[in-house]
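Letters go in sequence order (proteins before strands), and every chain restarts at 1.
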Amino acid sequence: MARLQPVRGTHDLLPEQARAFRRVADAARGVAERYGYHEMATPIFEFSEVFKRTLGDTSDIVTKEMYTFADRSGAEITLRPEGTAGVARAVISGGLAQHMPLKYFYAGPMFRYERPQKGRLRQFHQIGVELLGVAEPLGDIEAIALGAATLDALGVSGQVTLELNTLGNAASRAAYRELLVDYFEARRGELSRDSLDRLARNPLRILDSKNPGDRAAIAGAPTLGDSLDAESADFFASVRDGLDRLGIAYAVNPRLVRGLDYYCHTAFEFTTDALGAQGAVIAGGRYDGLVGQMGGPETPGVGWAGGIERLSMLAGAPEPPPRPIALIPIGPRAEAETLVLADRLRRAGFAIELGYRGNLSRRLSRADRVNARAAVILGEDELARDMATVRDLDSGAQDEVPLAALADRLAGLS
RNA sequence: GUGGCUGUAGCUCAGCCGGUUAGAGCGCCUGGUUGUGGUCCAGGAGGUCGGGGGUUCGAAUCCCCUCAGCCACCCCA
């Protein structure tokens, strides 16, 4: 046990948790398809360049969280830390941009070298959607509505609130960034070490700081809203209007920001306070500059990603698996018959458990443990008459049924 | 990456200021029932006390290192 442990921050998905994950992914996929988003998958590793270019050289993910290695050809490879970069790369390398708008759903593992915590792992799983080629606010509204509908489908809406903000267009952002840097430069002495670092790399992030000392300085900082030009303000108003029409509640949070240059206009997060410090369960925004920055055609985009672990923690226990029927032979001749009968019933759609070994008592006990709905007992006596004993494991009642009628009888069990 | 808490059987935990063969409940296995489960009764298996080193006559218990989990920061899903 000393050495045989999983790599830090990774977990085995045992059946119950696998089921919980599948429920989240299935629910999200189902909702996404009703919105016209179809599943696609990109490789879980890419050339490191793909992530460096999309995430930026200064982002935390690129500077300290990527799982990067050289493969046998010497190529620098990175396990994907998020999903959007791979999709954007696929759009470019596959020439998909000719078929705009593109609407994709994806689900799968992501990798980040972080310090593990509840709801934060080194291998974790995300669902996500990307809408490419739609520059209108309608795209933002649809993406957010899709997120809200996904949370509804999982029954967790009550535990989650939507926070919304705008970063404005490129001109507005650049103007604001300048104001902000001037403001904080004048107050360097009041800022925490972390925030001084952010001032150099990613000044908008300071607004997000939880450091109490920073808060005072932040309180007096210029707000992005004041720097928005008419186009940016109109865009945001349209998004909010759409959400209002859909009855999707939100709180505008002026401190909700994104660090990278290609993000613009809408930024949003569905957050919960039920998961400790890991509050975001779905987060996304508009990234009009991303595909262009990667070397593709200028392509507007909006999307979000949701954490499957986090969502499944909120959603609680998954549906139990379907209850099987236990087939229990008595004696070697019956054993051989049972093999064939099991195969026939399985092909007919029944979930069948075989006891594998032991006497009747032992096999019934095992049937009970796997939560079997009924046991079909095949003894020499019954077989001689082409009959089987069907025992209802809930009521304990049992009777003999002709083999020919067995499937119908089992289908009749609730 | 920084700081704090924790680590005893498959699971949940007890084991006081170091003292002889490390315990409980649940679970698991066997038998009571060579053709009847879930209840009950009896019995049993299972632990290098996360790992390594040190202090000591003696360490699950004290010290150091290390690994892992949890919490906060950071970051985000």
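Note on A:R115: every side-chain N or O is 4.0 Å or more away from OP1 and OP2 of B:rA72. Side-chain nitrogen and oxygen atoms of A:R363 include none within less than 4.0 Å of the OP1 or OP2 phosphate oxygen of B:rG35. The shortest distance between the side-chain N/O atoms of A:R369 and the OP1/OP2 oxygens of B:rC29 is below 4.0 Å. One finds a side-chain N or O of A:K210 lying less than 4.0 angstrom from the OP1 or OP2 phosphate oxygen of B:rC73. At least one side-chain nitrogen or oxygen of A:S361 sits closer than 4.0 Å to the OP1 or OP2 atom of B:rG37. Neither OP1 nor OP2 of B:rG69 sits under 4.0 Å from any side-chain N or O of A:Q117.
Across all strands, A:G331 comes closer than 4.0 Å to no nucleic acid atom at all (heavy-atom distances). Contacts of A:R8 with the nucleic acid, taken as non-hydrogen atoms under 4.0 Å apart, involve only primed sugar atoms and P, OP1 or OP2. Note on A:I127: nothing from the nucleic acid sits closer than 4.0 angstrom, heavy atoms only. If you check every strand for non-hydrogen atoms under 4.0 Å, A:G284 touches nothing. Here A:E65 lies in heavy-atom contact (under 4.0 Å) with sugar-phosphate atoms only. Contact annotation for A:N359: no contact, since no heavy-atom pair falls under 4.0 Å across all strands. In this structure, A:A367 reaches neither bases nor backbone, as no heavy-atom distance under 4.0 Å exists between it and the strands shown. Contacts of A:R366 with the nucleic acid, taken as non-hydrogen atoms under 4.0 Å apart, are absent. At the heavy-atom level, A:D197 lies nowhere under 4.0 Å from the strands shown. Counting non-hydrogen atoms under 4.0 angstrom, A:L121 reaches a base of the nucleic acid. A:R198 comes within 4.0 angstrom of the backbone, heavy atoms only, and of no base. Within the 4.0 angstrom heavy-atom criterion, base atoms lie near A:G119.
Rounded to whole Å, the separation between the C1' atoms of B:rA45 and B:rC5 comes to 35 Å. Here, B:rU66 and B:rC74 have their C1' atoms 24 Å apart, quoted to the whole Å. Nucleotides B:rC70 and B:rC29 place their C1' atoms 34 Å apart, quoted to the nearest Å. Look at the P atom in both B:rC63 and B:rC17: the space between them is 12 Å, to the nearest Å. With both ends at atom C1', the span from B:rG38 to B:rU6 equals 38 Å, rounded to whole Å. Comparing B:rU33 with B:rG23, their P atoms sit 33 Å apart, to the nearest whole Å. Atom name P, nucleotides B:rU8 and B:rC16: the rounded distance is 15 Å, in whole Å. Across the C1' atoms, B:rU12 and B:rG47 are found 16 Å apart, a figure rounded to whole Å.
Searching all strands for a Watson-Crick or G-U wobble partner of B:rG25 with both distances below 3.5 Å returns B:rC11. Across the strands present, B:rU55 finds no partner; the criterion is a Watson-Crick or G-U wobble pair with both atom distances under 3.5 angstrom. Nucleotide B:rU39 is matched to nothing when pairs are restricted to Watson-Crick or G-U wobble geometry with both distances under 3.5 angstrom. Checking B:rC5 for Watson-Crick or G-U wobble geometry (two distances, each under 3.5 Å) identifies B:rG69 as its partner. Look at B:rU34: it lacks any Watson-Crick or wobble partner with both distances under 3.5 angstrom.
Computed from coordinates, the A:W304 CH2 to B:rA77 P distance equals 12 Å when rounded to whole Å. As rounded to whole Å, 19 Å separates atom P of B:rU2 from atom CG of A:N211. As a whole-Å value, the separation of A:I330 CD1 from B:rG35 C1' is 4 Å. Across the protein-nucleic acid pair, A:Q398 atom CD and B:rG37 atom C1' stand 11 Å apart, rounded to whole Å. Rounded to an integer number of Å, the gap from A:D12 CG to B:rC11 P is 13 Å. Rounded to an integer number of Å, the gap from CZ of A:R122 to P of B:rC74 is 19 Å. With rounding to whole Å, A:D368 atom CG is found 20 Å from B:rU33 atom P. Rounding to whole angstrom units, CZ of residue A:R120 and P of B:rA77 are separated by 12 Å.
More than 12 heavy atoms of other shown residues, nucleotides or ligands fall within 6.0 angstrom of atom CD in A:Q17. Open room surrounds OH on A:Y113; 12 or fewer heavy atoms of other groups in view lie less than 6.0 Å from it.
The nucleotide whose nearest atom lies closest to any side-chain atom of A:S365 is, among B:rG37, B:rA77, B:rA68, B:rG37. Taking the side chain of A:L393 as heavy atoms from C-beta on, and the options B:rC76, B:rG37, B:rC73, the nearest nucleotide is B:rG37.
Side chains of A:Q293 and A:Y287: no donor on one and acceptor on the other come within 3.5 Å. A:E382 and A:T389 share a donor-acceptor pair across their side chains, judged by distance under 3.5 Å alone. If you check the side chains of A:T68 and A:T78, you find a donor sitting under 3.5 Å from an acceptor. No hydrogens or angles considered: a donor-acceptor pair under 3.5 Å links the side chains of A:S172 and A:N169.
Not a single donor-acceptor pair under 3.5 Å links the side chain of A:R286 to the backbone N or O of A:T266.
Each of A:I377 and A:P116 was matched to the nucleotide of RNA chain B holding its nearest heavy atom; the match closer to the 5' end belongs to A:I377.
Salt-bridge check for A:D244 with A:R240: failed, with every basic side-chain N at 4.0 Å or more from each acidic carboxylate O.
In this structure, CG in A:L13 is found 8.0 Å from CD in A:Q123, a value given to the nearest 0.5 Å.
In this model, a side-chain donor or acceptor of A:R391 finds a partner on the base of B:rG37 within 3.5 Å.
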